[in-house]
Chemist: 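If you scroll down you'll find the structure; I have some questions about it.
Bear in mind the structure is a predicted one, so any value in this text is a computation, not a measurement. Computed over heavy atoms, backbone and side chain alike; hydrogens, waters and symmetry mates excluded.
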Amino acid sequence: MENKFSKNVSLYTIGQFLSQALSFVLLPIYISQLSVDEYGIVAVFMAIGTFLNALMQYGFSPTIMRYYFEYKDHPEKFKSFFSSLLFFLFGGNILIVLTLCIVHNFIYQFTISNEDVTIYIYYVIGYSFFFTFPLLNLSLFRVEGKAKKYFIFNLIQFFISFVVIYFFVVIQKDGALGKIKGEFWARLPLFLASFYLYRKYFTLQGLALSYLKRALNFGIPLMFQSILWWGLYRLDYFLIEKELGSTSLGLYNVAFQISFVVITLGISYSLAWTPHFFSIANEKRTPILYGNLIGNYFMFLTIVSSGIYFSGYHVLKLIGGAKYLEIFDFLPWLLIGAIFQSGYYLIHQTIQYSKKTWSIPLILGLGIFVGFAFEYLIINKLELLGISIIKVITFSTLFVLTYLKGQSYYKIKIPLNKIIIAILVLIVNFSVGYILDYSITSLGLKLFTLIISILGLWFFLPFFSEEEKEMIRKKMKRT
C-alpha cells in the first residue's frame, strides 16, 4: 500500500498543481496585457467565481471520497449513492443559476458599481456552474487509485484553459473581460466530458433521499468550510478595492498569486493523501506516519517559500513586471501565511474522518470574524502590509485550533523536533531576505543560506530520523 501511494502521489500532486497553478503560469501574460486596474477587476470577479464554486459544490467532492470506502464492498449501493447526489447537484445548481440571473443587480452593486459589468457577472455564473461537475470525476479518480487518469484529466484541463484564455486576452485583446470569457468557454468541454465519464457509476436504480440526507449532513459543513476559506482570503479583495482602490488590489492579487504556489503544493499533496489516509486510518503505524508527513511537509514548504522570496524579485523584473516590484514589502508575510494555510489542509482530515464535520466551519467562522475585523481596523494605517500580517496570525491560529480539535477524534504524533527546526529555518532564511537588498550579490548570499539550510537538515540538524534517512537512501538508489 505504501509503495503504491509513493508511486502515485507524484502524479496526483502534479495533476492537482496543474489545475491550481494556471493563474500563476498565466501571470506573465496578465502582467504584459492587463493594466494594474484591469488586474484588480479580474481579482474581484474571480473572487465572486470562487464563492459560487464553493456554493455549488455542496461539499460533495470530499463526501464522495469518504463514502466510497463506506460502500467499498457494495458497489451497487455506491452507484445509487453517487447518482442520487448527481441528480441533486444538477437540479440544485440550475435553481441557483436562475436565481442569480434574476438578482444579478445585487452582485453588480456589490462589485465595481461605477462600471457596467453585467456581462462579467453572466460569464462568472456560467463558469461556476460548469466548474462543479468535473470535480466529481477527479474525486472518483483519486479514490479508485487512477493516478494516470487524474493526471491526464488535469493536463487536458490545463491545456484547454491556457489556450482559450490566451486567445481572448492576447489575440482578441479583450482585457479583463477576456480572462473571464476564457474561464467560461474553457469549462464547457470539460463539463460535457464529465457526464460521459460518469457512466460507470450512473444508475436509475436505488435512488434514495436517505443517501442524499447522509451526503448533505457530511458535505454541507464542508461547503461552509469552502465558503469561509473564500472569506478568509477573498473578502479582503472587496475591502482593499473599497478602501485602497483597484491599483492596490491589483498589486495584492499579484502577490497572492505568487504565494498561491505554496498553497497549491499544500492542497495538491493533501488531496493525494486524503483517500490514502481514509484507507489506512485504522492501522497502528498511521498516526506516526501522519505526524512525520506533516513535519516534513512543513519543512518542504518553508524551503519553497524561501526560494520564492529570494528569487521572486528578479524573476518578476525579468518578465517585465517592474510596476509590481513594491509587492515585496508585504509578500514575505503572505508566503508565511501560505505555509500555515497549507498545513491546515494537511491536518483537517482528522476531523473529516470522524464525520463530525460541523466543527470545521465553526473554527473557520471564528477565524474569519476576528481576522476580517482586524483587517478592517488596520487597513488605512498599515495598508497591504497590515492585511498580510493579519493573514499570518489568522492562518497559524486556525492550524493550531484545528490540530487540537482533530486530536480529540484521531491522535497523530507530530515530532516536536521537526516543528522547531522548520520554524528555525523559516526565521533564519526570511531574516536574511529582509536584511539584504535585491542586488545580484545579495541574491547569491541568500541562495547560499538556503543551500546551507537544506544540507543542514541531513548532516547537522536532528530533523530526519535514521529510519527516514535509510528509506530516502533506498528510494534514491531505486531512481
Side-chain angles (χ1 to χ4, degrees), residues 1-22 53-54 56-87 89-90 130-162 186-203 211 215 218-219 222-223 226 264-281 345-346 348-349 352-353:
M1 180 70 76
E2 192 65 35
N3 289 334
K4 183 179 179 181
F5 174 71
S6 299
K7 289 171 65 176
N8 288 345
V9 71
S10 58
L11 289 175
Y12 286 128
T13 303
I14 296 171
Q16 183 63 26
F17 185 83
L18 286 173
S19 69
Q20 297 282 337
L22 182 65
N53 293 342
M56 292 184 184
Q57 288 176 43
Y58 304 97
F60 280 174
S61 289
T63 301
I64 287 171
M65 285 195 294
R66 182 65 183 90
Y67 280 94
Y68 176 87
F69 296 101
E70 193 93 354
Y71 296 112
K72 190 173 183 179
D73 297 326
H74 306 281
E76 293 303 317
K77 286 187 177 181
F78 181 74
K79 287 183 180 181
S80 300
F81 176 82
F82 176 80
S83 299
S84 299
L85 268 62
L86 186 60
F87 273 110
L89 188 68
F90 189 85
F130 292 149
F131 179 83
T132 302
F133 295 90
L135 295 179
L136 300 185
N137 290 119
L138 295 175
S139 295
L140 290 171
F141 291 150
R142 292 211 305 273
V143 295
E144 291 175 334
K146 302 290 181 61
K148 289 183 180 179
K149 287 186 177 180
Y150 183 90
F151 171 76
I152 292 171
F153 189 92
N154 275 300
L155 183 63
I156 292 172
Q157 178 176 273
F158 178 88
F159 178 76
I160 293 174
S161 297
F162 182 90
R187 295 295 171 181
L188 179 58
L190 297 170
F191 167 77
L192 298 174
S194 295
F195 283 88
Y196 173 77
L197 295 172
Y198 291 151
R199 69 192 188 282
K200 178 180 177 181
Y201 290 105
F202 184 77
T203 182
Y211 290 136
F218 184 89
L222 300 181
M223 180 191 77
S226 298
T264 296
L265 288 171
I267 294 173
S268 301
Y269 196 89
S270 68
L271 288 176
W273 165 252
T274 299
H276 183 66
F277 166 63
F278 288 157
S279 68
I280 66 170
Y345 286 123
L346 285 172
H348 79 290
Q349 284 91 341
Q352 286 190 16
Y353 180 73

Chemist: To the nearest 0.5 angstrom, please state how far the OG atom of Ser270 sits from the NE2 atom of His348.
Modeler: 7.0 Å
Chemist: Please determine whether side chain to side chain contact (heavy atoms under 4.5 Å, CB included) holds for the pair Leu136 and Leu89, giving the CA-CA distance in whole Å, both sets of side-chain angles, and the decisive distance to 0.1 Å.
Modeler: CA-CA 11 Å; Leu136 300 185; Leu89 188 68; 3.6 Å; yes
Chemist: Applying side chain to side chain contact (heavy atoms under 4.5 Å, CB included), run through Gln57 and Phe131 and close with a yes or a no.
Modeler: CA-CA 9 Å; Gln57 288 176 43; Phe131 179 83; 3.8 Å; yes
Chemist: Can you find a heavy atom in the side chain of Phe202 that is under 4.5 Å from one in the side chain of Lys79?
Modeler: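 Phe202 vs Lys79: side chains apart.
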Chemist: Test side chain to side chain contact (heavy atoms under 4.5 Å, CB included) on Lys148 and Phe141 and set out the steps.
Modeler: CA-CA 9 Å; Lys148 289 183 180 179; Phe141 291 150; over 6 Å; no
Chemist: Evaluate the side-chain proximity of Leu138 to Tyr150: yes if any heavy-atom separation is below 4.5 Å, no if none is.
Modeler: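 Yes - at least one pair of side-chain heavy atoms lies under 4.5 Å apart.
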Chemist: Heavy-atom distance under 4.5 Å between the side chains of Gln352 and Leu222, does that happen here?
Modeler: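 Counting from C-beta outward, Gln352 and Leu222 do come under 4.5 Å.
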Chemist: Can you find a pair of side-chain heavy atoms, one from Arg187 and one from Leu190, that are under 4.5 Å apart?
Modeler: yes
Chemist: For the atom pair CG (Leu155) and CD1 (Ile160), what is the distance rounded to the nearest 0.5 Å?
Modeler: 10.0 Å
Chemist: With the side chain counted from C-beta on, respond yes when Met223 and Met56 share a heavy-atom pair under 4.5 Å apart, and no when they do not.
Modeler: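 No - every pair of side-chain heavy atoms lies 4.5 Å or more apart.
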Chemist: Testing Phe60, Phe81, Phe82, Phe78 for ring pair (Phe, Tyr, Trp, His ring centres under 6.0 Å) with Tyr67, which one passes?
Modeler: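 Only one of Phe60, Phe81, Phe82, Phe78 forms a ring pair (Phe, Tyr, Trp, His ring centres under 6.0 Å) with Tyr67, namely Phe81.
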Chemist: Measure from NZ or CZ of Arg199 to the centre of the six-membered ring of Tyr201, then state whether that distance is under 6.0 Å and the direction lies within 45° of the axis.
Modeler: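 No, Arg199 and Tyr201 do not form such a contact.
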Chemist: Please give me the minimum heavy-atom distance between Tyr198 and Pro134, naming the atom from each residue.
Modeler: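 Distance-wise, the nearest heavy atoms are OH-N, 4.3 Å.
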Chemist: Is the shortest side-chain heavy-atom distance between Phe133 and Phe90 below 4.5 Å?
Modeler: yes
Chemist: Any chance you could measure Ser194, atom OG, to Asn137, atom CG, to the nearest 0.5 Å?
Modeler: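 Between atom OG of Ser194 and atom CG of Asn137 there are 4.0 Å.
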Chemist: Would you call the rings of Phe162 and Phe158 parallel, tilted or perpendicular, where under 30° means parallel and over 60° means perpendicular?
Modeler: parallel
Chemist: Looking at every heavy atom in both Thr63 and Gly219, which two are closest together, and how far apart are they?
Modeler: OG1-CA, 3.4 Å
Chemist: Of all the heavy-atom pairs spanning Ser80 and Thr203, show the shortest one and how long it is.
Modeler: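 Looking at all heavy atoms of both residues, the shortest contact is N-CG2, 3.8 Å.
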Chemist: Check whether more than 12 heavy atoms from other residues, nucleotides or ligands sit under 6.0 Å from atom CZ of Phe69, and answer yes or no.
Modeler: yes
Chemist: To the nearest 0.5 Å, how far apart are OH in Tyr58 and OG in Ser226?
Modeler: 13.5 Å
Chemist: Return the CD to CG distance between Gln349 and Leu346, rounded to the nearest 0.5 Å.
Modeler: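 The CD atom of Gln349 sits 6.5 Å away from the CG atom of Leu346.
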Chemist: Show the numbers, then the answer: is there a side chain to side chain contact (heavy atoms under 4.5 Å, CB included) between Thr132 and Asn53?
Modeler: CA-CA 6 Å; Thr132 302; Asn53 293 342; 5.5 Å; no
